[in-house]
Amino acid sequence: MTDKISRKRRSENMRRIRSTGTIPEKAVQEIVKDLGLRYRLQSARLPGRPDIVFPSLQKAIFVHGCFWHLHGRCVDGRIPSSRQAYWEPKLLGNRQRDKRNRQRLTRMGWKSLVVWECQVARVESLTRRISDFARG
Ligand SMILES: [Zn+2]
C-alpha cells in the first residue's frame, strides 16, 4: 500500500518536474543565483560530488532525490516493499555513502547542506535556508 502511494506520488513528481522543465538541481541553482551568491557546479574533486559549491566559503550543497538517497520521514524516501532484497542494500548503501562523504567534507574543513527533492517546491523556505547556510 505504502509502496503504491509513494510510487504514484513519485511519478506525479516526475511528471510535474518534466512539465516545468525544472529538475531539482536547476531549481536550487536558480535560488543560489537569485541570492547573488558566487558558486560553481558539481565539483568532482570533492567527496560525493556536491551539486553546488561555494569554493571561497568552503561550503557545498547536495541536492538529493528522496528515493535514491532515502529521505527519512518522507513519503518518497522509503524502501519499496516489492523486490526488497534488491532495493534495501542498494538504498541503504547510498545513504551510508552520503553520510561518509559529508563526514569527509567536514574533516576537510567544509560545511555541507542537503536539499531534498521534496523541499524544492517550497521556494521561500528553501531560499531562506540556503541564504542562512551560505551567509551564516
Ligand atoms: Zn523527501
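Since the model is a prediction, treat every value here as computed from it, not as a measurement. All residue numbers refer to positions in the sequence shown, counting from 1. Atoms within each ligand, like the ligands themselves, are counted from 1 in listed order.
Annotation: side chain of Arg49 is not in contact with side chain of Phe62 (no heavy-atom distance under 4.5 Å).
Below 30°, between 30° and 60°, or above 60°: for Trp116 and His69 the angle between ring planes is above 60°, a perpendicular geometry.
The minimum heavy-atom distance linking Tyr39 with Lys33 is given by the pair OH-CE, 3.2 Å. Taking both residues in full, the closest heavy atoms of Ala134 and Lys59 are given as O-NZ, 3.3 Å, listed atom of the first, atom of the second, then distance.
Around the Zn ion (ligand 1), the protein atoms of type N, O or S found under 2.8 Å away are Cys66 SG, His71 ND1, Cys74 SG, Cys118 SG, listed by chain and number.
Screening Gln58, Gln103, Arg104, Arg102 for a side chain to side chain donor-acceptor pair (under 3.5 Å) involving Ser112 leaves a single residue, Arg102.
Between the side chain of Arg40 and the main chain of Pro55, no donor-acceptor pair closer than 3.5 Å is present.
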